[in-house]
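Input: a single structure, listed below in structure tokens.
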Amino acid sequence: MAKIQSIRGMPDVLPEASALRLWVEDRLRGVLDRYGYQQVRMPLLEATALFARGVGDGTDIVEKEMYSFDDRSGESLTLRPEGTAGCVRLCEEHGLLYNQTQRLWYQGPMFRYERPQKGRYRQFEQLGVECFGFPGPAIDAELLGLCSDFWAALGVSDALTLELNTLGSPEARAHYRDALLAYLRPLASQLDEDSQRRLERNPLRILDSKAPETQALLEDAPTLEGSLDAVSREHFDALRRYLDALAIPYVVNPRIVRGLDYYTHTVFEWTTTALGAQGTVCGGGRYDGLVERLGGRPTPGIGFAMGLERLTLLAEAQGLGPVLDGNLDVYVLALDEAHTAQALALGHQLRQALPRLRVQVHCSEGKAKARFKKADASGARYALILGDAEVSQGTVAMKDLRAREGEQRTVALATLIDQWRADYGAEGP
RNA sequence: GUGGGCGUAGCUCAGCUGGUAGAGCUCCGGAUUGUGAUUCCGGCGGUCGUGGGUUCGAGCCCCAUCGUCCACCCCA
């Protein structure tokens, strides 16, 4: 029978990698906490229509990357390819946007049917932040400041660049779309294949094309800048002033248009050159039309999402991560099976008396030699040993596995616990 | 969806112009009958990704297929 293995693009996370991920997540959550953002959790499955309408059915995500299927009642469901649409749905469904502002975050797996490569997987984890009800550019600056604090908390600030652009108001964006179309239609036959396909569906994406022949044609194309109205211009200028006040460096990149239909005004990406081709670690922007588009009252929104796999890869590439002090303080072993019950009870007693102490009890079999080998391999500082002599005397032998000679002494258990409390406080080492 | 690299022990990898599958690490046992990490000795472990073809003979050559990695596309 053929072996069953993990689904393509859906990677397992092994203990060492998981420790690094937890380290990253702890730091990110610390920052969110200091900013007073609140967590929400959406289901992994949503109605397919939510993404078709929210993300935009001309986008690559909706066109060819969604995991969609009919459930047993015939309803079309989709594993979420991103978090913003679901977050808006959650807010609307529970009245979170009625006469109030929100600063929210979520974290969890997203699914896109793409060819896997470095830093890109079919199931990947995003941490997303979404804010609602703030029309002005101050919140744009707050979010970029939040990002900046994320990078500082992780120690990756030097590896990341903020690239910034504005798409303008929905009206300005629509106006520019028309102008660009008018320019490109007569040249359609000279565009690269992908760009021809995008011409009617999503012309702004053509700006992003890497095909040289297309880039050449774009040199004389109307610029987005030229279509900006006064309000759009002022929003962007104010944001830039705020970023200067926060001392956050950035570069304006007019080619950033982003692949989701809902963006307006501010769009941005934090990129790195340290991860190969998948250089975008974090991306987002303002989506003032999205809530309305999904059936709510017009409500300004802005948000971004980070790929945790990419962030973790970046931290790893920078040599960052948790201090490796092992995951155990104490390894309890009976010298033979006759005292297994006492060993289990001792481990239990220690965990109760010293809640922070990390204790593991030998649960395998084998001779004394094998038991000590396990104790050593466990990484624990101390071995607590129970043999005939100790059990009959009500003591335990404590061996320092990390000392040069492995010093060992016999102590009464009560003494040991009191001593540890005295040395480390009630919380243990 | 397209292109290229790579699939040999749990892990990292050797394997010559085609001639009976190897090393290191890990693990287990012994030297040391209540003591690890060092040292020495021994042992377990493989349908060479899978299927077909060529050949007296295939880990090696050919075809197909699957997986994986990287890149394109796009995105986090």
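All chains are named by letter (A, B, ...) in the order of the sequence lines, taking the proteins before the strands, and each is independently numbered beginning at 1. The figures that follow rest on heavy atoms only: side chains count, while hydrogens, waters and symmetry mates do not. Predicted model, so just to flag it, every value in this text is computed and none were measured.
Taking the nucleotide of RNA chain B with the nearest heavy atom to each of A:Met306 and A:Ile7, the more 5' of the two is matched to A:Ile7. In terms of position on RNA chain B, the residue among A:Pro116 and A:Tyr113 whose nearest nucleotide sits closer to the 5' end is A:Tyr113.
Residue A:Gln408 is in base contact, counting any heavy-atom pair closer than 4.0 Å across all strands shown. Within the 4.0 angstrom heavy-atom criterion, no nucleotide atom of any strand lies near A:Ala383. In this structure, A:Gly284 reaches neither bases nor backbone, as no heavy-atom distance under 4.0 Å exists between it and the strands shown. Within the nucleic acid shown, A:Ile385 comes within 4.0 Å of at least one base atom, counting heavy atoms only. A:Ala375 comes within 4.0 angstrom of nothing in the nucleic acid, heavy atoms only. Note on A:Tyr121: a base of the nucleic acid sits closer than 4.0 angstrom, heavy atoms only.
Nucleotide B:G42 holds its C1' atom 13 Å from the NZ atom of A:Lys369, rounded to whole Å. One can place NZ of A:Lys373 at 12 Å from C1' of B:U39, the figure rounded to the nearest angstrom. A:Met110 places its CE atom 10 Å from the C1' atom of B:A76, with the value rounded to the nearest Å. For the pair A:Gln117 CD and B:G3 C1', the computed distance is 12 Å after rounding to whole Å. A straight line from CG of A:Asp400 to C1' of B:U35 spans 14 Å, rounded to a whole angstrom. The separation between A:Leu204 atom CG and B:C75 atom P is 12 Å, rounded to whole Å. Nucleotide B:U33 holds its P atom 13 Å from the CG atom of A:Leu335, rounded to whole Å. Note: NE2 (A:His339) to P (B:G34) measures 12 Å, nearest angstrom.
Of the nucleotides present, B:A71 is the one that pairs with B:U2 by Watson-Crick or G-U wobble criteria, both distances under 3.5 Å. Across all strands shown, B:U50 forms a Watson-Crick or G-U wobble pair, both distances under 3.5 Å, with B:A64. With both pairing distances under 3.5 Å, B:U33 is matched to nothing as a Watson-Crick or G-U wobble pair.
One side chain, A:His235 or A:Asp140, offers a donor N or O that lies under 3.5 Å from an acceptor on the other. In this model, no donor atom of one side chain and acceptor atom of the other lie less than 3.5 Å apart for A:Glu142 and A:Tyr35. A side-chain donor-acceptor contact under 3.5 Å links A:Arg240 and A:Tyr250.
When the options A:Gln39, A:Glu130, A:Arg41 are evaluated for a side chain to side chain donor-acceptor pair (under 3.5 Å) with A:Tyr106, the one that passes is A:Glu130.
Comparing the same atom, P, in B:A9 and in B:U47 gives a spacing of 9 Å after rounding to whole Å. The P atoms of B:U26 and B:C62 are separated by 38 Å, rounded to the nearest whole Å. Rounded to a whole angstrom, the distance from the C1' atom of B:G46 to that of B:A14 is 15 Å. Using C1' as the reference atom, B:C61 and B:U17 are 12 Å apart when rounded to the nearest Å. B:C6 and B:G10 have their P atoms separated by 23 Å, given to the nearest Å. Rounded to whole Å, the C1' atom of B:U39 lies 35 Å from the corresponding atom of B:C48.
Between A:Phe111 and A:Tyr67, the ring planes lie perpendicular to each other; the angle is over 60°, past the 30° to 60° tilted range.
Below the 3.5 angstrom threshold, one finds a donor paired with an acceptor across the side chain of A:Lys399 and the base of B:U35. Judged by distance alone with a 3.5 Å cut-off, a donor-acceptor contact links the side chain of A:Glu390 to the base of B:G34. Residue A:Arg8 places no side-chain atom within donor-acceptor reach of the base of B:C66, judged by atom type and a 3.5 Å distance cut-off alone. On a pure distance criterion of 3.5 Å, no polar donor-acceptor pair joins the side chain of A:Arg115 and the base of B:C70.
The pair A:Asp329-A:Arg358 meets the salt-bridge criterion, since a charged nitrogen lies less than 4.0 angstrom from a carboxylate oxygen.
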